[in-house]
2 protein chains.
Amino acid sequence: MKKTFTRVAIFPLCIVLLSGLIFPWLQVNLGAQPMEDVAKFDKDGKLLLPSDYRTWVFVGASVTPNEMNGGKAPFPEFHTIYMEPASYKPFKNTGEFPEGTVMVKETLMIGGKEAPSGKGYFMGDFVLLATGVKDTKRFGGERAGWGFFAFGNPSNPQSKSEVLPVAKCNNCHSAAAQERVFIQYYPVLRDLKKK
Amino acid sequence: MKKTFTRVAIFPLCIVLLSGLIFPWLQVNLGAQPMEDVAKFDKDGKLLLPSDYRTWVFVGASVTPNEMNGGKAPFPEFHTIYMEPASYKPFKNTGEFPEGTVMVKETLMIGGKEAPSGKGYFMGDFVLLATGVKDTKRFGGERAGWGFFAFGNPSNPQSKSEVLPVAKCNNCHSAAAQERVFIQYYPVLRDLKKK
């Protein structure tokens with residue numbers, strides 16, 4: 001009875017356990033990209049809202065105050081830039097943006113101008129969520145491999161976005177230091193390139 | 001022969017595979033803290049340099065330009081604040097800093113004042129790396145549960161740091177909105193508290 005149990009029950013049990021464990025383990029440990037963090041498009045080519053991007057890798061921030069731009073800065077005032085972790089890992093080694101790279105930009109208003117750390121600019125409320133995606137097949141020609149998207153206010157974002165017109169994003173981004181990414185303003189990426 | 005093989009070889013094989021897979025899987029999926037990301041102290045109570053903190057969760061940035069502070073800002077000018085991911089997860093649910101929370105502050109000089117996005121302040125070179133650790137046993141009394149540490153320039157940091165004097169950090173941090181953390185300036189944490 002004992003031997004029969006061993007043969008009949010343990011073997012299938014092991015198979016069931018293994019199938020449930022091997023796949024998540026391989027996914028995590030061999031660097032398979034968690035699908036929810038990679039650009040997904042609907043059948044009309046609209047980009048779906050990225051999830052959980054505030055745990056992505058921060059690469060840099062800047063501030064363009066209204067008062068330094070004639071009362072109306074081109075973008076609401078603070079910018080925070082993130083890079084999707086599955087793209088960041090190969091960038092660390094190669095210094096290049098892999099196909100499928102997703103960058104996120106959040107903008108925020110200035111929330112205050114004085115704190116115990118001194119006078120300056122401190123982050124206020126979130127205003128805009130935008131992304132850039134490297135997909136050389138989808139965004140060829142004058143887009144030079146990059147599509148840009150906007151999802152509105154991060155507190156109540158749109159669920160999807162059409163690719164924005166070349167004149168609205170790509171033209172300005174052609175002044176970026178690497179492909180269409182302004183790494184000249186992103187100290188975390190600049191630092192990786194030095195190593 | 002076939003049955004003997006099944007009984008003799010498959011069962012130990014399963015055990016070996018399972019033992020190698022279950023532990024990493026449990027560690028990742030049940031939220032066990034990766035030890036390398038949690039505060040570690042040497043036998044003299046010095047904090048060891050945290051590793052890989054640039055992949056931690058960014059919670060906010062601010063800038064205190066020299067020119068807005070009589071030519072000499074109290075801190076080199078940009079501040080970037082990170083929270084260790086194993087602390088961020090419970091904070092999302094509770095809005096409280098769990099015991100063992102580690103925060104990192106990096107400061108950077110202003111690198112430029114004009115870009116295609118407008119006039120403002122853009123991040124330059126890294127200057128300082130500092131951390132705050134919540135450890136109510138180690139940092140009781142007037143430290144109110146928090147120890148602060150400095151590791152010098154992030155490009156060539158010290159390997160360990162003594163806890164800094166109360167007068168150097170904790171006193172100022174008593175103006176923070178939650179415990180000794182200035183969450184009033186960290187939009188990502190403020191946003192979690194709203195939910």
Side-chain angles (χ1 to χ4, degrees), chain A residues 3 6-7 10-11 13-15 17-18 21-22 24-25 28-29 54-58 60-65 68-69 73-75 77-80 82 85 88 106 108 111-113 115-126 154-155 172-173 175-176 182 184-188 191 194, chain B residues 3 6-7 10-11 13-15 17-18 21-22 24-25 28-29 54-58 60-65 68-69 73-75 77-80 82 85 88 106 108 111-113 115-126 154-155 172-173 175-176 182 184-188 191 194:
Chain A
K3 275 189 184 166
T6 305
R7 218 171 32 227
I10 297 287
F11 181 58
L13 180 71
C14 286
I15 295 299
L17 283 172
L18 282 172
L21 291 169
I22 283 178
W25 182 87
V28 170
N29 288 281
R54 286 191 191 153
T55 64
W56 291 7
V57 181
F58 167 78
S62 57
V63 61
T64 50
M68 289 173 76
N69 291 277
F75 295 95
E77 306 174 281
F78 268 104
H79 307 212
T80 300
Y82 296 94
Y88 177 78
E106 283 199 301
L108 309 90
K113 293 184 62 181
S117 57
K119 289 181 181 169
Y121 297 106
F122 299 86
M123 287 180 161
D125 291 334
F126 289 102
S155 304
C172 221
H173 276 256
F182 286 100
Q184 64 265 51
Y185 308 119
Y186 305 157
V188 172
D191 207 44
K194 283 185 202 160
Chain B
K3 273 187 185 170
T6 304
R7 217 168 37 225
I10 298 288
F11 182 59
L13 179 70
C14 285
I15 295 298
L17 282 172
L18 281 172
L21 291 169
I22 283 179
W25 183 85
V28 171
N29 288 282
R54 285 191 192 153
T55 63
W56 292 7
V57 182
F58 167 79
S62 57
V63 61
T64 51
M68 290 173 76
N69 291 276
F75 295 94
E77 308 175 279
F78 268 104
H79 308 212
T80 299
Y82 295 94
Y88 177 79
E106 284 198 301
L108 309 91
K113 293 184 63 181
S117 58
K119 288 182 181 167
Y121 296 106
F122 298 86
M123 287 180 161
D125 290 334
F126 289 101
S155 304
C172 220
H173 276 255
F182 286 101
Q184 63 265 51
Y185 308 118
Y186 305 157
V188 172
D191 206 45
K194 284 184 200 160

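The figures that follow rest on heavy atoms only: side chains count, while hydrogens, waters and symmetry mates do not. Proteins get letters first, then strands, A, B, ... in listed order; numbering begins at 1 in each.
For chain B, the nearby part of A/F126 is the side chain; its heavy atoms alone come within less than 4.5 Å. For chain B, the nearby part of A/A175 is the side chain; its heavy atoms alone come within less than 4.5 Å. Neither the backbone nor the side chain of A/Y186 comes within contact range of chain B; no heavy atom of the residue lies under 4.5 Å from a heavy atom of that chain. A/T80 touches chain B through its side chain: at least one heavy atom from C-beta onward sits under 4.5 Å away, while N, CA, C and O do not. The contact between A/D125 and chain B is made by backbone and side chain atoms together, counting heavy-atom distances below 4.5 Å.
Taking the six-membered ring for Trp and thresholds of 30 and 60 degrees, B/Y82 and A/F58 have ring planes more than 60 degrees apart, a perpendicular arrangement.
Per-residue counts of heavy-atom pairs under 4.5 Å with chain A were compared for B/G60, B/G111, B/G124, B/G112; the largest is that of B/G124. Per-residue heavy-atom pair counts under 4.5 Å with chain A were compared for B/C172, B/S155, B/A176, B/A115, and the maximum is reached by B/A115. The candidate from A/N69, A/L108, A/V57 with the greatest count of non-hydrogen atom pairs under 4.5 Å with chain B is A/N69.
A distance of 14.0 Å separates NZ in B/K113 from OG in A/S62, rounded to the nearest 0.5 Å. Here OG of B/S117 is found 12.0 Å from CD of A/E77. Values are rounded to the nearest 0.5 Å.
Counting all heavy atoms, side chain and backbone alike, A/P65 lies closest to B/G120 at CD-CA, 3.9 Å. Residues A/M123 and B/Y185 come closest through the heavy atom pair CB-O, 4.3 Å.
B/E106 meets the salt bridge (charged side-chain N to carboxylate O under 4.0 Å, His left out) test with B/R54; sequence neighbours excluded. Considering only residues two or more places apart in sequence or on other chains, B/F75 meets the ring-ring contact (aromatic ring centres under 6.0 Å, His included) condition with B/H79.
In this structure, B/M68 and A/Y121 have side chains that are in contact, with non-hydrogen atoms separated by less than 4.5 Å.
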